[in-house]
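Beneath this line is the structure, given in structure tokens, with notes to follow.
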Amino acid sequence: RKSSKPPPKKVAPKVDTQFTCPFCNHDKSVVARLDHVAEKGLVECNVCAQKYTCNITHLSEPIDVYSDWIDACERINAKEDDEDEDE
């Protein structure tokens with residue numbers, strides 16, 4: 001009797017490293033760079049030159065740094081909206 005073939009290995013989905021800039025809205029203009037030695041993540045737009053840095057861990061991926069940037073933008077916008085309502 002033949003032994004059955006092992007099931008095929010699942011391919012892990014690829015995570016993007018280029019993203020859309022929240023300031024100028026250009027697709028794939030934001031590049032994420034991770035420096036695991038210095039534990040710093042950098043995202044930078046090649047079109048409008050906006051930058052954001054944050055602390056990372058050995059588990060961090062480029063999408064994590066980009067998501068942190070988006071969250072920081074939303075926090076700043078929410079603070080500005082609160083200040084505008086107070087006036």
Side-chain angles (χ1 to χ4, degrees):
R1 195 178 218 196
K2 284 185 173 180
S3 62
S4 62
K5 289 184 180 179
K9 293 188 178 188
K10 292 183 181 178
V11 178
K14 298 285 183 183
V15 180
D16 286 341
T17 57
Q18 294 181 330
F19 309 99
T20 301
C21 180
F23 294 97
C24 67
N25 290 324
H26 277 86
D27 285 338
K28 297 188 178 185
S29 64
V30 175
V31 178
R33 294 187 194 93
L34 304 179
D35 184 357
H36 289 285
V37 175
E39 296 183 347
K40 293 287 182 186
L42 168 72
V43 286
E44 180 177 13
C45 179
N46 295 327
V47 177
C48 67
Q50 288 289 327
K51 293 181 184 178
Y52 176 76
T53 58
C54 66
N55 295 328
I56 61 170
T57 66
H58 66 284
L59 298 175
S60 297
E61 295 288 332
I63 188 71
D64 299 323
V65 180
Y66 179 72
S67 297
D68 287 347
W69 187 28
I70 299 298
D71 292 343
C73 291
E74 288 176 355
R75 280 194 302 270
I76 290 171
N77 288 338
K79 285 182 185 177
E80 289 176 358
D81 289 345
D82 289 345
E83 290 173 3
D84 290 344
E85 289 175 1
D86 292 342
E87 294 175 1

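From a predicted model like this one, the values you see are computed outputs, not experimental measurements. Numbers here simply count residues along the sequence, with the first being 1. Values reported hereafter were calculated over all heavy atoms of this structure, with side chains retained and with hydrogens, waters and symmetry mates removed.
Using a 4.5 Å heavy-atom threshold, the side chains of K79 and I76 count as separate. Using a 4.5 Å heavy-atom threshold, the side chains of D64 and I56 count as separate.
Within 6.0 Å of NE2 in H26 there are 12 or fewer heavy atoms belonging to other residues, nucleotides or ligands.
The OG1 atom of T17 lies 9.0 Å from the NZ atom of K28; values are rounded to the nearest 0.5 Å. Rounded to the nearest 0.5 Å, atoms OG1 (T53) and CZ (R33) are 12.5 Å apart. The OG1 atom of T57 lies 8.0 Å from the CD atom of E39; values are rounded to the nearest 0.5 Å.
Considering every non-hydrogen atom in both E61 and L34, the closest pair reads C-CD1, 3.9 Å. Nearest heavy-atom pair across W69 and K51 is NE1-O, 4.4 Å. The minimum heavy-atom distance linking D68 with C54 is given by the pair OD2-SG, 3.7 Å. When every heavy atom of V47 is checked against every heavy atom of S29, the shortest pair comes out as CG2-CB, 3.7 Å.
Among C48, C45, C24, the one residue that satisfies the side-chain contact (heavy atoms from CB on, under 4.5 Å) test with V30 is C45.
Y66 and F23 fall within a single hydrophobic cluster, where Ile, Leu, Val, Met, Phe, Trp and Tyr are joined by side-chain heavy atoms under 4.5 Å apart, directly or via other members.
Side-chain N or O atoms of Y52 include none that pairs as donor or acceptor with a backbone N or O of V65 at under 3.5 Å.
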